[in-house]
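Okay, so here's the structure we're looking at.
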Amino acid sequence: MLKLVTCIKQVPMVSELPWDAKTGTLKRELAEGMMNPACKHALEAALLLKNRHGAHITAISMGPPMAEEVLREAVAMGADRGILLSDYPMAGADTLSTSYTLARAIEKECPDFDLILSGCYTNDSETAQVGPQLLEELNIPGATFVDQFEIKGNTIRMNRTVDEYLEILEMDLPGLITVSTHQYNPRYASLSGVEDAFNRADITRLGIDDLGIEPEMTGIKGSATRILDVYSPTTEKKNDVITGSPKQIVEELFAKYDDKIGSAIGKDLKDYE
Ligand SMILES: Cc1cc2nc3c(=O)[nH]c(=O)nc-3n(C[C@H](O)[C@H](O)[C@H](O)COP(=O)(O)OP(=O)(O)OC[C@H]3O[C@@H](n4cnc5c(N)ncnc54)[C@H](O)[C@@H]3O)c2cc1C
């Protein structure tokens, strides 16, 4: 039976949230959480494999204790097991220490996995780095933004759209894919699934001692990224009145704004001089 791991992040339900100015991290305890939408597509892809071929699915998440909710939701949708990585030293992690911690947990809890499926990016940080960094940590092959795939024996064949081209790739397993949001529309959890998720779900909570990792390797201490500033960009509107004859107006307009007009219509106007 295929052994699948899906990486699930809990993201805040609203976009405007206060930031901790000192650490540059989101004050997520002030928001309700939800499963990151792209992670749902990855989970759906895993669930379809389970429906067609039979598979055991482990959903794994690193986050504060409330992230357990998204693992229960994953179980309600059809995952078999949830693992929550939550410990004070893991807080404030960047993508490097997130992927390091996820990798150590997968090695310990799911050492014989066939395929890891992660979302392509998150709604709150949107770096798209965790999947590629995780495959580096685990020293396995991988592909990003996979639209569709099928597994035959030990091989996965994948479709991937790059610009206007369709790429067809093949890779040996074990491996990792990040799943695009173009296909695999997520299912709703069934009522019996919700009951199972809250009454019988197998959710394991692990901290750094369980994983045997040093506090310096995870969370804010293990992070190579420093957030220097976080702010909402402001926009400004200004009216510029051009007067004169139609010819003068057109000449002045192009003299002042030809770069902007060129980029709006996708042509360098200097080519037409
Ligand atoms: C206690 C604690 C507090 C945290 N607080 C914050 C916070 O305030 N703000 C914040 O953004 N992050 C927080 N994190 C999580 C961590 O910092 C980010 O998840 C990480 O940096 C991912 O970056 P990204 O969102 O750009 O992921 P991307 O690379 O864009 O995500 C791509 C895919 O990687 C997988 N992935 C990403 N993150 C996780 C994860 N944590 N668990 C499982 N799979 C994942 C998902 O499949 C996702 O779809 C916290 C973690 C802990 C333990």
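What you see below is based on every heavy atom in this structure, not just the backbone, and it leaves out hydrogens, waters and symmetry mates. Indexing begins at 1, ligand by ligand and atom by atom, following the structure's order.
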For [X], atoms of ligand 1 separated by under 4.0 Å from a heavy atom:
| X | result |
| --- | --- |
| Met62 | 40 (C), 41 (N), 42 (N), 43 (C), 51 (C), 53 (C) |
| Ala128 | 28 (P), 29 (O), 30 (O) |
| Asn36 | 49 (O) |
| Thr95 | 21 (O), 23 (O) |
| Glu126 | 26 (O), 30 (O) |
| Ala93 | 16 (C), 17 (O), 21 (O) |
| Ile8 | 42 (N), 43 (C), 44 (N) |
| Met90 | 52 (C), 53 (C) |

Note to self: Apply side-chain hydrogen bond (donor to acceptor under 3.5 Å, both in side chains) to residues Thr144 and Arg160 and explain how you reach the verdict.
What the structure shows: CA-CA 8 Å; Thr144 54; Arg160 189 172 182 271; 3.0 Å; yes

Would you find more than 12 non-hydrogen atoms of other residues, nucleotides or ligands less than 6.0 Å from [X] atom [atom1]?
| X | atom1 | answer |
| --- | --- | --- |
| Asn139 | CG | no |
| Asn239 | CG | no |
| Glu136 | CD | no |
| Leu166 | CG | yes |
| Glu107 | CD | yes |

Between [X] and ligand 1, which residue portion shows a heavy-atom distance shorter than 4.0 Å: side chain, backbone, both, or neither?
| X | value |
| --- | --- |
| Val11 | neither |
| Leu134 | neither |
| Asp124 | side chain |
| Val130 | both |
| Ile60 | backbone |

For the 3.5 Å polar cut-off, considering only N or O atoms, please tell me whether [X] and ligand 1 meet it.
| X | answer |
| --- | --- |
| Gln129 | yes |
| Gly131 | no |
| Cys120 | no |
| Pro64 | no |

Margin query: Just so I know, are the side chains of Phe113 and Leu176 near enough to count as touching, which here means a heavy-atom distance under 4.5 Å?
Written below: no

Under the 3.5 angstrom rule, does the side chain of [X] hit a backbone N or O of [Y] as a donor-acceptor pair?
| X | Y | answer |
| --- | --- | --- |
| Arg81 | Thr58 | no |
| Thr218 | Pro215 | no |
| Ser61 | Ile8 | yes |
| Ser97 | Ala93 | no |

Sub-4.0 Å heavy-atom approach of [X] to ligand 1:
| X | value |
| --- | --- |
| Ser86 | no |
| Ala38 | no |
| Ala42 | no |

Notebook entry, point to check: Between Pro89 and Ile208, which heavy-atom pair has the shortest distance, and what is it?
Noted result: CG-CD1, 3.8 Å

